Amino acid sequence: EARLLVDSWPRAVAGIVETISSAGAELDMLERAQQKSSDQPNRTAMIVGLEGSGPKHLNSVLDELSGLESVSISEHSVDRH
């Protein structure tokens, strides 16, 4: 699971879904999240649930998502080792 901050909601969702699919992972869940005081202003928080072949694969997906112009990852529950 990862918490993303995105510009251009809901337009950015299409790029997120496409990136996850292209990386060979599955989108298990996608929902808007409540803003936190630590969130960047003017960005929409969302939670995505990902399914992949293991931590290495999921880290690769997170790297690709963070490479999107409109997306930053604020939190995740994947082991980054």
Side-chain angles (χ1 to χ4, degrees):
E1 185 172 283
R3 188 171 193 278
L4 310 178
L5 297 174
V6 300
D7 292 330
S8 306
W9 173 272
R11 202 174 28 207
V13 173
I16 292 167
V17 172
E18 184 177 318
T19 299
I20 292 168
S21 179
S22 294
E26 292 185 30
L27 181 64
D28 184 46
M29 179 223 4
L30 184 147
E31 65 183 30
R32 252 178 115 153
Q34 189 169 356
Q35 290 292 116
K36 294 182 177 180
S37 61
S38 60
D39 288 345
Q40 298 169 349
N42 302 320
R43 300 195 94 187
T44 302
M46 57 187 295
I47 303 292
V48 293
L50 303 171
E51 291 189 19
S53 60
K56 186 175 180 179
H57 180 220
L58 293 173
N59 281 318
S60 174
V61 175
L62 290 175
D63 288 342
E64 290 190 41
L65 286 171
S66 67
L68 295 174
E69 185 177 322
S70 61
V71 176
S72 63
I73 298 171
S74 67
E75 299 172 14
H76 63 82
S77 59
V78 177
D79 185 8
R80 289 295 243 183
H81 301 302

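In this chain, residues are counted from 1 in sequence order. Since the model is a prediction, treat every value here as computed from it, not as a measurement.
Here the straight-line distance linking atom CD of Glu64 with atom OG1 of Thr19 works out to 7.0 Å at 0.5 Å rounding. How far CD of Glu26 is from OG of Ser53: 11.0 Å, rounded to the nearest 0.5 Å. Residue Leu4 holds its CG atom at 7.5 Å from CD1 of Ile47, rounded to the nearest 0.5 Å.
A distance-only check finds no donor-acceptor pair linking the side chain of Ser21 to the backbone of Val17 [under 3.5 Å]. For Ser77 (side chain) and Glu1 (main-chain N/O), a donor-acceptor pair under 3.5 Å exists by modelled atom type.
The cluster map of Ile, Leu, Val, Met, Phe, Trp and Tyr, joined by side-chain heavy atoms under 4.5 Å apart, puts Val61 and Met46 in the same cluster. Leu5 and Leu30 are assigned to two separate hydrophobic clusters, defined by single-linkage of ILVMFWY side chains at heavy-atom distances under 4.5 Å. Linking ILVMFWY side-chain heavy atoms closer than 4.5 Å, directly or via other members, places Leu65 and Trp9 in a single hydrophobic cluster.
In the model, Ser72 has a side-chain atom that pairs as donor or acceptor with a side-chain atom of Arg43 under 3.5 Å.
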Show your reasoning for whether side chain to side chain contact (heavy atoms under 4.5 Å, CB included) applies to Leu50 and Leu62. CA-CA 9 Å; Leu50 303 171; Leu62 290 175; 4.0 Å; yes
Pair His76-Leu58, side chain to side chain contact (heavy atoms under 4.5 Å, CB included): steps then yes or no: CA-CA 10 Å; His76 63 82; Leu58 293 173; over 6 Å; no
Does the pair Arg3 and Asp39 meet the rule for a side chain to side chain contact (heavy atoms under 4.5 Å, CB included), with working shown? CA-CA 11 Å; Arg3 188 171 193 278; Asp39 288 345; 2.8 Å; yes
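Here the shortest heavy-atom pairing between Asn42 and Asp7 reads O-OD1, 4.0 Å. In terms of heavy-atom proximity, Gly24 sits nearest to His57 at O-CE1, 3.4 Å.
Atom CD of Gln35 has more than 12 heavy atoms from other residues, nucleotides or ligands within 6.0 Å.
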